[in-house]
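Below, each value reflects all heavy atoms present in this structure, side chains not excepted, and no hydrogens, waters or symmetry copies. For clarity, every value in this text was computed on a predicted model and none was experimentally measured.
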Amino acid sequence: MPFNKLISAQHAGESVGIYSICSAHPYVLEAAMLQAKADSTHLLIEATSNQVNQFGGYTGMTPSQFIAYVAKIAGRAQLDAARIILGGDHLGPHVWQELSAEEAMSHAREMVQAYVEAGFRKIHLDTSMPCADDSRPLAEELAAVRAAELCKAAEEAVLSRDPVTAPVYVIGT
């Protein structure tokens, strides 16, 4: 995975990075793909929990539908799909904050699993927000427990899919 190579290069003192966009707009995606193609680089395309989730999000797409959508645009841009990395950004109970913590976290676990099962490889877990029945501000310890719970759900999805292509995790806000 390119992330591991990037991290190793950065630790070795190299100034390297990756294009990263968080958009579902077809023109934005295509422009980013054309730039990655021109530069012979990888492209990280991220979707947030309110953009894309198991209920469709505001784009109307589930994680697997978003991947198919991105692949179609990559075909038009003639960018090799192997150069695209898909990421889930700020995955957690954010979309369902008005619900009880139990219900919001149940939805968040399902969503994280859907992202991993669909093939997203960068998983940003963010459980920093309080739910309807939480005290405010949310205790850091509780946010950490919830992040671990979502990571466990993601790892269960990895094991059911393909442990060789396990995601890279980013934890926190």
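- The hydrophobic clustering, which links ILVMFWY residues whose side-chain heavy atoms are closer than 4.5 Å, places Ile123 and Ile21 together.
- The main-chain N or O of Ser128 is found under 3.5 Å from a side-chain atom of Asp126 such that the two form a donor-acceptor pair.
- Both Ile67 and Tyr69 sit in one connected hydrophobic cluster of ILVMFWY residues. Membership requires side-chain heavy atoms under 4.5 Å apart, directly or through other members.
- The minimum heavy-atom distance linking Pro167 with Val116 is given by the pair CG-CG2, 4.4 Å.
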Evaluate the side-chain contact (heavy atoms from CB on, under 4.5 Å) criterion for residues Ser8 and Lys5: first the C-alpha distance (whole Å), next the side-chain angles of each, then the deciding distance (0.1 Å), finally the verdict. CA-CA 5 Å; Ser8 295; Lys5 290 179 183 176; 5.8 Å; no

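- Judged purely by atom type and a 3.5 angstrom limit, Arg83 uses its side chain to pair as donor or acceptor with the backbone of Thr41.
- Between the CG atom of Asp80 and the OG atom of Ser40 there is a distance of 11.0 Å, given to the nearest 0.5 Å.
- Checked against the 6.0 Å centroid threshold, Phe55 and His107 count as a close aromatic pair.
- Using the six-membered ring where Trp is involved, Phe66 and Phe120 have ring planes that are parallel, under 30° apart on the 30 and 60° scheme.
- Side chains of Glu110 and Tyr115: no donor on one and acceptor on the other come within 3.5 Å.
- No side-chain heavy atom of Tyr19 sits under 4.5 Å from any side-chain heavy atom of Leu44.
- Between Glu117 and Ala157, the shortest heavy-atom distance links the atoms CG-CB, 3.9 Å.
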Report the C-alpha separation of Glu155 and Val158 in whole Å, then their side-chain angles, then the decisive distance to 0.1 Å, and conclude whether the side-chain contact (heavy atoms from CB on, under 4.5 Å) test is met. CA-CA 5 Å; Glu155 287 296 297; Val158 167; 4.1 Å; yes

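- With Thr59 contributing its side chain and Gln51 its backbone, the two residues share a donor-acceptor pair below 3.5 Å.
- The minimum heavy-atom distance linking Glu30 with Ala77 is given by the pair CG-CB, 4.2 Å.
- For the pair His90 (side chain) and Thr48 (backbone), a donor-acceptor distance under 3.5 Å is absent.
- His94 contributes atom NE2, which lies 12.0 Å from atom OG1 of Thr173 (distance to the nearest 0.5 angstrom).
- Residues Leu99 and Leu91 are members of one and the same hydrophobic cluster, defined by side-chain heavy-atom contacts under 4.5 angstrom among Ile, Leu, Val, Met, Phe, Trp and Tyr.
- A distance of 11.5 Å separates CG in Asp133 from CD in Glu98, rounded to the nearest 0.5 Å.
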For the pair Asp89 and Lys122, evaluate salt bridge (Lys or Arg N to Asp or Glu O under 4.0 Å) and give the outcome as yes or no after the intermediate values. CA-CA 8 Å; Asp89 202 20; Lys122 183 233 169 211; 3.7 Å; yes

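- Side-chain contact between Gln78 and Leu34 is absent, with no heavy atoms from C-beta onward closer than 4.5 Å.
- Judged by distance alone, the side chain of Gln97 and the main-chain N or O of Met129 form no donor-acceptor pair under 3.5 Å.
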Full working for side-chain contact (heavy atoms from CB on, under 4.5 Å) between Asp134 and Arg146: CA-CA 12 Å; Asp134 286 327; Arg146 288 179 180 170; 2.8 Å; yes

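- Cluster annotation: Leu142 is not connected to Met105 through the hydrophobic network of ILVMFWY side chains, with a link wherever side-chain heavy atoms come within less than 4.5 Å.
- Side-chain N or O atoms of Gln10 include one that pairs as donor or acceptor with a backbone N or O of Val16 at under 3.5 Å.
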Let me see the working for Ile85 and Ile45 under side-chain contact (heavy atoms from CB on, under 4.5 Å), right down to the final yes or no. CA-CA 6 Å; Ile85 303 163; Ile45 299 174; over 6 Å; no

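- The heavy-atom pair separating Ala74 from Ile84 by the smallest distance is CB-CD1, 3.6 Å.
- Side-chain N or O atoms of Thr127 include one that pairs as donor or acceptor with a backbone N or O of Ala143 at under 3.5 Å.
- Note on Val168 and Ile18: same hydrophobic cluster, where clusters join Ile, Leu, Val, Met, Phe, Trp and Tyr whose side-chain heavy atoms are under 4.5 Å apart, directly or indirectly.
- Put simply, the side chain of Asn53 gets close to the backbone of Gly56: a donor and an acceptor are under 3.5 Å apart.
- The closest side-chain heavy-atom distance from Met111 to Trp96 is below 4.5 Å.
- Nearest heavy-atom pair across Leu29 and Ser23 is CD2-O, 3.3 Å.
- Remark: side-chain polar atoms of Gln113 are paired, donor with acceptor, to backbone N or O of Ala153 under 3.5 angstrom.
- Without hydrogens or angle criteria, Ser106 side chain to Glu102 main chain gives no donor-acceptor distance under 3.5 Å.
- Residues Ser135 and Pro130 come closest through the heavy atom pair O-CB, 4.1 Å.
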